[in-house]
Each structure stands twice: as structure tokens, then as C-alpha cells.
Participant: 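There's a structure below that I have some questions on.
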Number of protein chains: 2
Amino acid sequence: MQLIERAFHHEREQLRQCGLKITTQRLIILKELMNHADHPTVHMIHEAVKKELPAVSVDTVYRTLLSFSEAGLCTVLDGMGEARRFDPKRTVHHHFICNNCGKIVDFACTEFDNLQLPSVFKKGFTVENKSVRLSGLCPDCNK
Amino acid sequence: MQLIERAFHHEREQLRQCGLKITTQRLIILKELMNHADHPTVHMIHEAVKKELPAVSVDTVYRTLLSFSEAGLCTVLDGMGEARRFDPKRTVHHHFICNNCGKIVDFACTEFDNLQLPSVFKKGFTVENKSVRLSGLCPDCNK
DNA sequence: TTATTAAATAGGAATTATTCTTATTTGTCA
DNA sequence: TGACAAATAAGAATAATTCCTATTTAATAA
């Protein structure tokens, strides 16, 4: 643990500011997360962390990443990790997803529909779908 | 099969227009899907379909719903059903997801960031997150 | 109408993601 | 330093998704 003691100043400070207990696992997971600009999955982070901490469990990586996101150290891409949902409605619309009960509410937003795509996507990409996703708490869960 | 023979005119026509083979399973799954305004999961549709066709398999419901979405009869909410992805970037940004390789590309869109939320969400809801999600093919997969 | 053939299906196994349980270990704080 | 709540490992449990194989069925041509 000597190495851990001396290094990880920045990670240590981040955890402290969030009121999270400072553990070896968290320091390393946080460092790996920050190294990944590619929207890593739990599996990717777990693999990376195992190189420094071979006995770390998937569950710990999972729990830790989720608490990081609750603490605001990272975000989770909305909706991913949930069961697939199908939508029979064929008119253009967007979705609000309740973070508590999972309910999905449709809404329209023509101002958005009319926005131009950023120019990055003009070359090379084929954009097949374009939608707004809101998340938060629905009225029922807001009590 | 008498009942099936006589009814399901509309469903039959929809399948035909999409060039999908007409099977009892598909007719019933399509009817159930159209009855669900609540963004059903495979499990929800499977449960509903089993009442009319007790021996239907999950796999059939799965395959069928996915072919419906390929045929344009419905859509799948982007990203759902995939492994959870974490994002260490803390500035406001949005995502493009490649439907083929799953790669996620970040982009900024201030015009969108400045849009007002639809008034529906002013009362009762707490909107914690607001993002644009694009999907399609990335340059690498576009060949 | 019937035979042919490719596509669709059932059933269950396999895979993958996620969550839970329990016993043990470790920070934190008084 | 000691007590205690929180965090962890390990593996089991659950849930979502995909795959495999033998069988059935719809579409179509004769």
C-alpha cells in the first residue's frame, strides 16, 4: 500500500469532496474511469482495474461506478442497462424516462426536430435517428 | 385457425406491405404491440401473446419484434438493451451511437442546450437530465 | 391443388449483464 | 486505539438476450 499512500492525490481529493470513503479499490477505479474517454462498460473498467488489483470483484466495480455517478463524478448513459423497449408510435416524438419507476412518457418538440445536425456528422456518418431523451422523476415518483 | 383466417385484416396487410411472411405468431404479436402505448418490453408482449397462443416462445417474440423494427413497424428505444456505459466527461455534451459497432461519439450542441423544455414538464416532473441521442452508422461502419 | 424450399418457430441451453447474500475486512471518527 | 458502519470478495441468483437444433409452416411454382 505504500504506492497507494503516496500517489492518487487527485483521486483522493475527489472522493473526499464527494464524501465517499477512501478505499484502494475506489482510488484505482476512479483513476481508470478518468482514463477512459470511450464510455467504458463495467467490464472494461473491471479488466483494467484487475491489472493493478487482481482480486477486485465485478460487484465492487459495479457498485463503485454507480456510486460515482450518484456522487456526480461521472454519468451513466440514460436507459442503457435496462431491458429493451419497443415503441409502436410512428409519429416523431421523444421520451422522458423516470429514473425511479422506469415509466416512459412521450412528448413532441418541434423546435428540436428542426435543429440542424452539428457539422461533424455531415461527412462519413449516416444519422438514422435523432431524439431527445429527458430523465428524472415523474409526478408519481416525485413524492 | 378459423378465427385467424377471418380476422387480422389490418395486421395482415401491414406485414404484407413490409414483405414479412404472415404467420399466426406475427399477427398476434403485431396486434399486441399496437395495443401497448406504454413502450412494452419483450417480456410484456410475451405475456400478452401467451394468452392467445400459450406455446409461443420468448425467442419468437424477440426475433419478431426486432424484425418489426427493422421493417419500420415500430422502433426500439436507442441504446436500451445494451450494457450500461459510464461517462467521465463532465461538460455538457451529447452522444451519437453507432448501430453497428456500438461506438459512442460525443458532440456538443448549444442550440439544443438552450431550448426550453415542453411545458408538460413544468409541473410535477423533475427533469434531471436532458440530452440528444443520435444513432446510425459511424464512418468506419459506413462501408 | 400439391410439392418444394427457405424461412419461422419451439424449446431449451448458453451467454451476458446485473443484483443479491453472507462472511470478512477496512475506513472513519470519537 | 476501539467501535461501528460501510465496503468488499466470492459466488449464487436473476434477468435479458442470443444461440442451437429439430420441426413446422408459408410462399410459390408447376
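In what follows, chains carry the letters A, B, and so on, assigned in the order in which the sequence lines appear, proteins first and then strands, with residues in each chain numbered from 1.
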Participant: Base, sugar-phosphate, or nothing for B/T41, non-hydrogen atoms under 4.0 angstrom?
Facilitator: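 Nothing, no heavy atom under 4.0 Å.
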
Participant: Which pairs with one or both residues in residues 132-143 of chain B pass side chain to side chain donor-acceptor pair (under 3.5 Å), sequence neighbours excluded?
Facilitator: A/T126-B/N142, B/D78-B/S135, B/K103-B/D140

Participant: Does OP1 or OP2 of D/dA7 have a side-chain N or O of A/T60 closer than 4.0 Å?
Facilitator: no

Participant: Who passes salt bridge (Lys or Arg N to Asp or Glu O under 4.0 Å) against B/E70, sequence neighbours left out?
Facilitator: none

Participant: Name all residues meeting the salt bridge (Lys or Arg N to Asp or Glu O under 4.0 Å) criterion together with B/E47; count only those two or more places apart in sequence or in a different chain, and write none if there are none.
Facilitator: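 B/E47 satisfies salt bridge (Lys or Arg N to Asp or Glu O under 4.0 Å) with B/K50 only.
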
Participant: Which angle, to the nearest 10 degrees, lies between the helix axes at the two ends of the helix from C/dT1-D/dA30 to C/dA30-D/dT1, each defined by five pairs?
Facilitator: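 Roughly 40°, once rounded to the nearest ten degrees.
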
Participant: Measure the distance from CG on A/L20 to P on C/dT26 and round it to the nearest whole Å.
Facilitator: 19 Å

Participant: Measure the distance from CD1 on A/I45 to P on C/dA17 and round it to the nearest whole Å.
Facilitator: 14 Å

Participant: Check this one for me: any side-chain N or O of B/T64 less than 4.0 Å away from OP1 or OP2 of C/dT9?
Facilitator: yes

Participant: Check whether any side-chain N or O of B/Q25 sits under 4.0 Å from OP1 or OP2 of D/dT24, and answer yes or no.
Facilitator: no

Participant: For every nucleotide of nucleotides 1-6 of chain C, 5' to 3': is a protein heavy atom under 4.0 Å from its base (B), only from its sugar-phosphate (S), or from neither (-)?
Facilitator: -----B

Participant: Nearest-Å distance, CG (A/L53) to P (D/dA7)?
Facilitator: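 Nearest whole value for this atom pair: 16 Å.
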
Participant: For the pair made of CZ in A/F8 and P in C/dG27, what is the distance, rounded to whole Å?
Facilitator: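 Rounded to the whole Å, the gap is 14 Å.
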
Participant: Answer with base, sugar-phosphate or nothing: what part of the nucleic acid does B/R26 contact at a heavy-atom distance below 4.0 Å?
Facilitator: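 Contact class for B/R26: sugar-phosphate only.
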
Participant: Which residue pairs pass the side chain to side chain donor-acceptor pair (under 3.5 Å) test with at least one member in residues 110-124 of chain B, sequence neighbours excluded?
Facilitator: B/H94-B/D113

Participant: A/K130: which residues meet the salt bridge (Lys or Arg N to Asp or Glu O under 4.0 Å) condition with it, sequence neighbours left out?
Facilitator: none

Participant: Could you check how far NE2 of B/H46 sits from P of C/dT9, rounded to whole Å?
Facilitator: 12 Å

Participant: Would you check if the side chain of A/H10 reaches a backbone N or O of A/K31 as a donor-acceptor pair within less than 3.5 Å?
Facilitator: no

Participant: Taking the six-membered ring for Trp, are A/F121 and B/F107 ring centroids under 6.0 Å apart?
Facilitator: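 Yes, they do, as the ring centres are separated by less than 6.0 Å.
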
Participant: Could you state the CG-P distance from B/L27 to D/dA26, rounded to the nearest angstrom?
Facilitator: 10 Å

Participant: Could you work out, with side-chain hydrogen bond (donor to acceptor under 3.5 Å, both in side chains) as the rule, every residue matching A/E11, not counting sequence neighbours?
Facilitator: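 Per chain and number, A/E11 pairs via side-chain hydrogen bond (donor to acceptor under 3.5 Å, both in side chains) with no residue.
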
Participant: Where do N or O atoms of nucleotides 10-16 of chain D meet protein N or O atoms at under 3.5 Å, pair by pair?
Facilitator:
{"residue": "D/dA10", "atom": "OP2", "partner": "A/A55", "partner atom": "O", "Å": "3.1"}

Participant: Quick one: list whatever passes side-chain hydrogen bond (donor to acceptor under 3.5 Å, both in side chains) with B/K89, sequence neighbours left out.
Facilitator: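 Expected list: B/D106.
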
Participant: Please identify each residue that fulfils side-chain hydrogen bond (donor to acceptor under 3.5 Å, both in side chains) with B/H43, with sequence neighbours left out.
Facilitator: none

Participant: Which whole-number value in Å describes the distance from A/L66 CG to C/dT18 P?
Facilitator: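 Going from CG in A/L66 over to P in C/dT18 covers 9 Å.
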
Participant: Using atom CG of B/L65 as one end and atom P of D/dT18 as the other, report the distance to the nearest whole Å.
Facilitator: 12 Å

Participant: Taking all atoms of both residues into account, what is the closest heavy-atom pair of A/R85 and B/H39, and its distance?
Facilitator: NE-O, 2.6 Å

Participant: Is any side-chain nitrogen or oxygen of A/R63 closer than 4.0 Å to OP1 or OP2 of C/dT19?
Facilitator: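 Checking A/R63 against C/dT19: no side-chain N or O falls below 4.0 Å of OP1 or OP2.
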
Participant: With sequence neighbours excluded, tell me which residues meet side-chain hydrogen bond (donor to acceptor under 3.5 Å, both in side chains) with A/N100.
Facilitator: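 A/N100 satisfies side-chain hydrogen bond (donor to acceptor under 3.5 Å, both in side chains) with no residue once adjacent residues are dropped.
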
